[in-house]
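On a predicted model such as this, the values are computed, not experimentally measured, just so you know. Both ligands and their constituent atoms are indexed starting at 1 by order of listing.
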Amino acid sequence: MSLRFEHESFAQRVVFAAGEAASKVAQEVLRLGATRVMVIASKTEQDLAHRVSSGIPVSLLYHDVAMHVPVEVAERARAAAAEHNVDLLLCAGGGSTTGLAKAIALTTGLPIIAVPTTYAGSEATNVWGLTEGAQKTTGVDPRVLPRAIVYDAALTVSLPVPMSVASGLNAVAHCVDSMWAPRTDPIDQAIAAEGIRALRLGLPALVDDPAALPGREQTLYGAYLSAVAFASAGSGLHHKICHVLGGMFNLPHAQTHAIILPYVLALNGPSAPDAERRLAAAFDSDRAIDGLLGLRIRLDAPRALRDIGFTEADIPGAAAAILPAVPADNPTAVTTDDLERLLRAAWDGADLR
Ligand code: NAD
């Protein structure tokens with residue numbers, strides 16, 4: 001690739017401090033001069049939210065969070081923010097919680113401090129998502145990029161291992177797709193490669209000792225890098241497929257990414273030699289696909305869409321909905337038949353070795 005590109009880095013404070021979220025969050029709130037904070041966390045994240053918000057002026061503790069941010073959930077949250085006259089949004093939780101904070105920021109411009117407790121990476125992107133009926137809409141807006149992120153690996157210890165693995169593979173997917181996404185450049189690719197390196201070391205350590213912090217810290221670091229690369233490079237084929245599946249069939253986000261990724265890599269890898277070389281090196285493997293499959297076996301990753309609510313009868317409709325979204329410059333030209341084949345293999349969990 002010739003060194004001719006344009007790259008934009010986003011301004012955002014990033015704090016890594018295991019075990020210190022409360023004091024670091026208080027510093028960031030002070031820095032932004034906020035006095036009326038809306039703390040957003042789902043019911044299961046309530047305890048985490050209490051742990052991070054002990055030193056800040058909380059005006060509203062808000063729990064009405066739902067996956068893929070349904071429009072009516074966003075509207076209720078916006079109304080609550082206005083009613084309590086809040087001046088800052090603090091989201092403590094997974095991508096769904098971060099997504100709700102973004103939905104409020106999109107229409108109000110309120111600043112966000114994000115304390116992520118999964119490896120979804122939404123905190124490091126300017127991408128928002130809303131779902132109306134079975135249609136998920138995403139967009140890009142600088143107002144939704146959190147002003148600061150506080151990463152505290154201790155807060156992710158309670159994330160069960162299967163969810164940690166799926167979420168970590170969601171981050172690996174950001175990295176892999178960043179290699180050929182529409183706006184990719186050598187900076188994105190370098191960040192994505194470092195993300196894969198951190199994730200392929202962090203995730204096995206996490207699985208071996210889920211209560212220990214080093215594996216979880218590496219995984220958070222990889223998740224952050226993955227999202228930075230993805231935010232800059234944009235959505236490649238993998239994200240387009242998962243986006244349609246998530247919106248149309250309400251499939252769980254992280255698991256869908258974890259299952260689809262190897263099939264997209266098998267499709268695109270042979271037509272993208274530069275990406276293939278970088279990915280193989282990042283996975284420390286002769287071939288990228290072998291590196292990814294080896295990691296998935298080591299982690300006992302989710303295998304088949306049929307296990308998470310997608311049926312064989314859903315395949316034709318899904319393929320037809322994905323086709324118009326396939327990026328024009330995807331390394332491999334893709335037809336409806338290719339998409340149906342890919343979805344059938346992913347539905348069945350077909351072995352790629
Ligand atoms: P999630 O936020 O729905 O969390 C999954 C489950 O884990 C939830 O029940 C949550 O309460 C629980 N949980 C979270 N942290 C926990 C912890 N530390 N301990 C115990 N339980 C915990 O799932 P996700 O995969 O983090 O996020 C998915 C959502 O994020 C999707 O809607 C997706 O579209 C969005 N997303 C957006 C972007 C973006 O750039 N806009 C990027 C990635 C993901």
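Between F249 and F310, the ring planes are perpendicular. Angles over 60° get that label, and only those under 30° would be called parallel.
The single protein non-hydrogen atom nearest to atom 17 (C) of ligand 1 is S158 OG, 3.5 Å, given as residue, atom name and distance. Here the heavy atom of the protein found nearest to atom 43 (C) of ligand 1 is A120 O, 3.2 Å. Protein heavy atom in closest approach to atom 10 (C) of ligand 1: E45 OE2, 3.3 Å. When hydrogens are left out, the protein atom nearest atom 15 (N) of ligand 1 is T117 OG1, 2.7 Å; that is the closest non-hydrogen contact. Closest protein heavy atom to atom 44 (C) of ligand 1: H253 NE2, 3.3 Å. Atom 11 (O) of ligand 1 has as its closest protein heavy atom T44 OG1, 2.5 Å. Taking atom 41 (N) of ligand 1 as the reference point, the nearest protein heavy-atom neighbour is V127 O, 2.9 Å. Ranking the protein heavy atoms by distance from atom 3 (O) of ligand 1 puts S96 OG, 2.6 Å first.
The distance from ligand 1 to the heavy atoms of K102 drops below 4.0 Å at these ligand atoms: 39 (C), 40 (O), 41 (N). Residue L48 approaches ligand 1 through these ligand atoms, each under 4.0 Å from one of its heavy atoms: 17 (C), 18 (N). Close contacts of ligand 1 with S42, meaning ligand atoms under 4.0 Å from a residue heavy atom, involve 11 (O). Counting the atoms of ligand 1 from 1 in the order shown, those under 4.0 Å from a heavy atom of T118 are 14 (C), 15 (N), 26 (O). Contact atoms of ligand 1 toward T125: 39 (C), 40 (O), 41 (N) (distance under 4.0 Å to a heavy atom of the residue).
A distance of 6.0 Å separates NZ of K136 from NE2 of H253, quoted to the nearest 0.5 Å.
For the residue pair R344 and Y263, no side-chain donor N or O sits within less than 3.5 Å of a side-chain acceptor on the partner.
Residues E28 and A148 come closest through the heavy atom pair OE1-CB, 3.5 Å. Counting all heavy atoms, side chain and backbone alike, S271 lies closest to T332 at OG-OG1, 2.6 Å.
For R4, the side-chain hydrogen bond (donor to acceptor under 3.5 Å, both in side chains) criterion is met by no residue, not counting sequence neighbours.
Exactly one of V115, I113, T117 qualifies for a side-chain contact (heavy atoms from CB on, under 4.5 Å) with V52. That residue is V115. Across L295, T219, L299, a single residue satisfies side-chain contact (heavy atoms from CB on, under 4.5 Å) together with V165, and that is L299.
Comparing heavy-atom distances from atom 16 (C) of ligand 1 across L159, L155, T156, V65 singles out L159 as nearest. Considering only non-hydrogen atoms, atom 4 (O) of ligand 1 lies nearest to M163 out of H243, M163, H174, M67.
Its side chain within the 4.5 Å cluster rule, V69 clusters with M38, I40, L60, Y62, V65, V71, V73, V86, L89, L100, I104, L106, L110, I112, W128, L130, V144 among the Ile, Leu, Val, Met, Phe, Trp and Tyr residues.
Distance check on atom 29 (C) of ligand 1: some protein heavy atom falls below the 4.0 Å cut-off.
Taking the six-membered ring wherever Trp is involved, the centroid distance between the rings of H257 and H239 falls below 6.0 Å.
Considering backbone and side-chain atoms alike, W128 places every N or O at 3.5 Å or more from each N or O of ligand 1. Checking only distances, G95 does come within under 3.5 Å of ligand 1, N or O to N or O.
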